[in-house]
Amino acid sequence: MSALREKAAWQALQAHSQELATQHLRDMFAADPGRAERYRADAAGWRLDYARHRINDQTLEHLFALARECGLEARRDAMFAGEKVNTTEQRAALHIALRAPARKVIKVDGANVVPEVHAVLKRMREFANAVREGSWLGFTGRPIRNIVNIGIGGSDLGPVMAYEALRHYTDRKLTVRFVSNVDYTDFAEAVHDLRPDETLFIVASKTFTTLETMTNAHSARDWLMKAASGDKGAVAKHFVALSTNAKAVEEFGISTQQMYGFWDWVGGRYSMDSSIGLSTMIAIGPDAFAELLAGFHAMDEHFRTAPLERNLPVIMGLLGVWYTDFFGAETQAVLPYEQYLKRFPAYLQQLTMESNGKHVTIGGAHVDYATGPVYWGEPGTNGQHSFYQLIHQGTRLIPCDFVGFGQSLNPYGRHHDLLLANMIAQAEALAMGKTLEQVQAEGIDESLAPHRVFEGNRPSSLLLADRLAPHTLGALIALYEHIVFTQAAIWDINPFDQWGVELGKQLALRVVDEIESPRKALNHDSATNAAITWYRKARRK
Ligand code: F6P
């Protein structure tokens with residue numbers, strides 16, 4: 001048995017979960033009028049309402065005891081202190097330093113990294129202002145109007161999500177687009193209506209070796225060169241690089257003056273407030289970007305200092321463990337009732353699943369408990385007319401995070417009231433359901449009645465803030481980063497590496513070589529051989 005399963009709190013939770021499995025949220029609310037008030041916590045502009053969870057005071061006591069037994073506080077402090085918590089890569093994981101105020105001292109290997117962070121931010125600010133003011137000119141002397149970020153994974157998802165989330169705050173004179181897929185269609189569609197002499201490419205890649213990004217960056221350079229009649233000098237006006245790999249950036253043809261660096265202690269999926277955020281800064285402006293970072297920092301400070309019992313990331317992280325490991329929940333839905341957050345679930349998929357999709361402990365032992373759940377979601381109310389059916393009446397338990405704001409950024413008529421009414425009603429319906437008696441009392445035909453029953457007892461959180469702004473967005477993202485950290489600490493896994501993406505990458509290089517050398521003998525399994533053989537023919541038709 002694993003060390004985690006042997007912990008007293010784990011075993012207490014195991015026994016306790018049997019008791020709670022038979023209790024209904026309807027009865028818990030009826031028996032406990034103070035529930036809504038007790039199961040509520042606030043931080044950094046956000047309110048967490050967690051009363052609709054299948055928990056009671058004892059559950060929480062056991063969960064916090066588990067966190068303490070697993071050394072969550074010491075692990076958190078080690079991360080904040082710049083220790084090499086990413087053990088398989090022997091690196092610190094210091095995304096919290098990216099948003100630390102200039103006066104803070106955070107050391108890696110004895111050196112304070114905060115001044116370097118602020119030096120890069122200053123250069124980014126100068127460049128962003130030049131582009132926004134129209135003083136950064138393309139090769140024909142026209143100002144840059146189009147920004148195309150080329151990156152993938154953490155070098156794409158954070159910037160896209162932030163751009164969409166903060167579109168209300170963006171400079172509408174600029175066109176901002178994102179290219180990530182190695183499918184050329186992504187690039188072709190992104191640039192089809194753009195003038196090359198008004199377009200800036202931001203090549204965002206921590207390693208500057210990622211196949212998709214480098215392929216797209218070369219195609220972008222070809223596209224520019226065609227328009228600039230091969231004038232290599234145009235590259236300096238139309239390309240900047242965001243990377244930790246100065247050598248590869250120079251080899252590509254971008255001078256280090258046009259490079260905005262970051263550090264190996266910033267993981268790809270934790271990098272959106274490093275220089276990887278340059279497209280965000282250009283779009284919303286340096287002041288709003290500073291507010292975004294301040295929001296992250298406010299949640300960091302809350303996570304670092306608030307007692308576990310009032311700590312939003314800790315509470316939400318532990319609730320996730322509760323359902324994953326004691327109720328067999330396999331997925332977690334994230335349902336923003338805010339159109340601007342439409343890319344938030346996609347962003348969270350990398351953050352959560354690349355981080356906690358792990359099968360061995362930090363020490364390398366195979367786990368004998370479930371780790372990171374599948375995260376998924378869509379904005380409300382769209383999801384209601386698609387997959388909510390399964391959440392309400394299907395056979396799986398799917399905890400839901402609803403995210404909503406008190407005020408719309410585009411208020412008009414009853415729209416926002418209807419939006420928020422739906423969010424609140426969904427949480428109520430999931431928790432309370434509708435009994436057979438209630439259905440019968442409505443006079444529903446006996447044969448139809450079972451189809452109209454909602455069992456309820458489906459857990460959800462409400463995450464509420466006044467309005468979507470850079471500060472609230474930063475705090476929301478940091479909240480989920482620290483939820484991931486909390487869960488990894490319980491599961492004793494490393495949330496900062498991603499070895500699981502390597503095998504497919506290696507095999508793809510072998511396969512592409514075999515596709516392009518059609519006489520090469522194929523020595524894969526028979527299904528892979530057949531697929532390659534099919535494509536060798538199909539590509540020539
Ligand atoms: O998919 C693996 C991964 O390494 C991610 O972790 C990362 O965000 C992405 O690739 C992009 O990497 P890079 O920024 O080095 O191009």
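In listed order, ligands and their atoms are each counted from 1. Index from 1, following the sequence.
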Just distance, no hydrogens or angles: give the donor-acceptor pairs under 3.5 Å from side chains in residues 481-497, sequence neighbours left out.
unit_1, atom_1, unit_2, atom_2, d
Glu481, OE1, Arg99, NH1, 3.2
Glu481, OE1, Arg99, NH2, 2.6
His482, NE2, Asp300, OD1, 2.8
Thr486, OG1, His482, O, 2.8
Gln487, NE2, Gly317, O, 3.0
Trp491, NE1, Asp325, OD2, 2.6
Trp491, NE1, Ala370, O, 3.3
Asp492, OD1, Arg75, NH1, 3.3
Asp492, OD1, Arg75, NH2, 3.2
Asn494, OD1, Phe496, N, 2.8
Asn494, ND2, Asn86, OD1, 2.9
Asn494, ND2, Thr88, OG1, 3.4
Asn494, ND2, Asp497, OD2, 3.4
Asp497, OD1, Lys358, NZ, 2.9
Asp497, OD2, Thr88, OG1, 2.5
Asp497, OD2, Trp499, NE1, 3.2

Using a heavy-atom cut-off of under 4.0 Å, does the side chain or the backbone of Val501 touch ligand 1, or both, or neither? side chain

Can Arg269 and Ser355 be counted as having a side-chain donor-acceptor contact under 3.5 angstrom? yes

For ligand 1, which atoms have a heavy atom of Ile152 less than 4.0 angstrom away? 9 (C), 11 (C)

Closest to atom 14 (O) of ligand 1 by heavy-atom distance, out of Gly154, Ser155, Gly153, Ser355, is Ser155

If the condition is ring pair (Phe, Tyr, Trp, His ring centres under 6.0 Å), which residues does His471 pass it with, not counting sequence neighbours? none

Which of the numbered atoms in ligand 1 are below 4.0 angstrom from a heavy atom of Gln498? 6 (O)

Backbone N or O of Asn181 within a donor-acceptor pair of the Asn216 side chain at under 3.5 Å? yes

Run the side-chain contact (heavy atoms from CB on, under 4.5 Å) test on Leu66 and Cys70 for me, step by step, so that the C-alpha distance in whole Å, both residues' side-chain angles and the decisive distance to 0.1 Å come before the verdict. CA-CA 6 Å; Leu66 180 67; Cys70 293; 4.0 Å; yes

Look only at the side chain of Gln349 and the backbone of Tyr375, and say whether a donor-acceptor pair between them is shorter than 3.5 Å. yes

State whether any protein heavy atom lies less than 4.0 Å from atom 10 (O) of ligand 1. no

Under a 3.5 Å distance rule, please check whether Trp223 uses its side chain to pair with a backbone N or O of Ala188 as donor and acceptor. no

Can you list the atoms of ligand 1 that are under 4.0 Å from a heavy atom of Thr210? 12 (O), 13 (P), 15 (O), 16 (O)

Return the residue, atom name and 0.1 Å-rounded distance of the protein heavy atom closest to atom 15 (O) of ligand 1. Thr207 OG1, 2.6 Å

My understanding is that we take every heavy atom of each candidate and find the minimum distance to atom 1 (O) of ligand 1. Doing that for Glu502, Glu354, Glu212, which one comes out nearest? Glu354

Best match, Gln350, Met214, Lys505: closest heavy atom to atom 4 (O) of ligand 1: Lys505

